[in-house]
Amino acid sequence: MGRQIKDVRRHGKQVFFELDGGVLYIHLGMTGKLLWNGIRTKYARAILGLEDGTLIYDDVRQFGRFEFYPELPEERQKVGPDALTVTFEEFLSRLKRRSGSIKTVLLNQAFIGGVGNIYADEALFASAIHPKARASKLSRKRAQRLHDQVLAILKLAVLHRGSSISNYVDADGACGSYQQQHNVYGRAGEACPRCGKAICRIVLGQRGTHYCPGCQHV
DNA sequence: CAGATCACCTGCTTGC
DNA sequence: TGCAAGCAGGTGATCT
């Protein structure tokens, strides 16, 4: 009510609207969308009237967050460095401290913020690393390739306005198109574009994981 | 302490 | 056609 938006920041998958006297914390979860002057469906969970328009927070599955805090609590800040800005040396030193599989480490937002299931699978494919490879055992060279590919894929996906698997749209209601360039995600059984072997789907860390058994190595 | 297993919620697709 | 099971862009709590 009568508050001003001073700044809008993003860190990993989290968005922060800095207001006078508080902060609006937003995480879209799996099916969350922010719609600018969009259609109010039955899944509109919050509606923000601004001077020049309306912001709707729409989320079918309600896994996302749209929360106002006078002061941002600690548990809303427990995220590692942002995937798009983390330096390679920082990325490598953090990798060395993780014992798990590289796929689950990439998904861990405390490691780096911003990589989700689609982009973890795509980045591992692009760098020819098996999702079960031990994070701490990756050579400097392979870690360098992975860091390069995480950045390249996230930037490319942003350029294509994301991946619309079933219903994601951006603030203007437009679908993303990056799903057309997925090499492994959602392509189990199809031929690997690099070596021709069939793409596999396994479950790793409770998440569907897609990779090529022919050219991604442990 | 890491890894597995649920839990949260709703809709769509698949298979009998 | 109907109905149950499995799947989904993500965390987070609680076990073993």
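Every chain is numbered from 1, with letters handed out A, B, ... down the list of sequences.
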Sugar-phosphate only, base, or nothing, as touched by A/Arg134 at under 4.0 Å among non-hydrogen atoms: sugar-phosphate
Between C/dA5 and B/dA7, how far is it from one P atom to the other, in whole Å? 16 Å
Min side-chain heavy-atom separation A/Lys155-A/Leu159 under 4.5 Å: no
Quick one: pull up CD1 in A/Ile118 and CD in A/Glu122 and give me the separation to the nearest 0.5 Å. 8.0 Å
When you group the ILVMFWY residues by side-chain heavy-atom contacts below 4.5 Å and let the links chain together, are A/Leu124 and A/Tyr178 in the same group? yes
Pairwise P distance, B/dT14 and C/dG9 [rounded to whole Å]: 16 Å
With syn defined as a glycosidic angle within 90° of 0 and anti as the rest, where does C/dG6 land? anti
Parallel, tilted or perpendicular, as decided by the 30° and 60° cut-offs, for the rings of A/Tyr119 and A/His182: perpendicular
Contact check, side chains of A/Tyr211 and A/Val184, non-hydrogen atoms, under 4.5 Å: no
In this structure, are over 12 heavy atoms from other groups packed under 6.0 Å from A/Ile39 atom CD1? no
C1' atom, C/dG12 versus B/dG11: distance in rounded Å? 23 Å
Take a 6.0 Å sphere around CZ of A/Arg40 and say whether it holds more than 12 heavy atoms from other residues, nucleotides or ligands. no
Give me the stems containing DNA chain B, sorted by first residue, counting only three or more consecutive Watson-Crick or G-U pairs with both distances under 3.5 Å; say none if there aren't any. B:2-8 with C:10-16, B:10-16 with C:2-8
Considering residues, nucleotides and ligands other than A/Lys96, do more than 12 of their heavy atoms fall under 6.0 Å from its NZ? yes
Does anyone know the first and last nucleotide of DNA chain B in reach of chain A, 5' to 3', at under 4.0 angstrom to a heavy atom? B/dA2 to B/dG11
Could you tell me whether A/Arg76 sits above the aromatic face of A/Phe16, with NZ or CZ closer than 6.0 angstrom to the six-membered ring centre and within 45 degrees of the axis? no
Atom P, compared across B/dC6 and C/dG6: separation rounded to whole Å: 13 Å
Starting at CG of A/Leu146, measure out to CZ of A/Phe88 and round the result to the nearest 0.5 Å. 9.0 Å
Under 4.0 Å between any heavy atoms, over every strand shown, what does A/Arg201 touch: base, sugar-phosphate, or nothing? Just pick one. sugar-phosphate
So for atom CD, which belongs to A/Glu51, do other residues, nucleotides or ligands contribute more than 12 heavy atoms lying within a distance under 6.0 Å? no
What nucleic acid atoms does A/Lys33 come within less than 4.0 Å of, heavy atoms only: base, sugar-phosphate, or nothing? nothing
What N/O pairs connect the protein and nucleotides 9-13 of chain C at under 3.5 Å? Give each pair on its own line.
| unit_1 | atom_1 | unit_2 | atom_2 | d |
| --- | --- | --- | --- | --- |
| C/dG9 | OP1 | A/Asn117 | ND2 | 3.2 |
| C/dG9 | OP1 | A/Tyr185 | OH | 2.2 |
| C/dG9 | OP2 | A/Arg207 | NH2 | 3.0 |
| C/dG9 | O5' | A/Tyr185 | OH | 3.3 |
| C/dG9 | N9 | A/Met30 | O | 3.4 |
| C/dG9 | N7 | A/Met30 | O | 3.2 |
| C/dG9 | O6 | A/Ser166 | N | 3.3 |
| C/dG9 | O6 | A/Ser166 | OG | 3.4 |
| C/dG9 | O6 | A/Asn167 | N | 2.9 |
| C/dG9 | O6 | A/Asn167 | OD1 | 2.9 |
| C/dG9 | O6 | A/Tyr168 | N | 3.0 |
| C/dG9 | N1 | A/Ser166 | N | 3.3 |
| C/dG9 | N1 | A/Ser166 | OG | 3.3 |
| C/dG10 | OP1 | A/Lys13 | NZ | 2.8 |
| C/dG10 | OP2 | A/Asn117 | N | 3.1 |
| C/dG10 | OP2 | A/Arg207 | NH1 | 3.3 |
| C/dG10 | OP2 | A/Arg207 | NH2 | 2.9 |
| C/dT11 | OP1 | A/His27 | NE2 | 2.7 |
| C/dT11 | OP2 | A/Lys13 | NZ | 2.5 |
| C/dT11 | OP2 | A/Gln109 | NE2 | 3.4 |

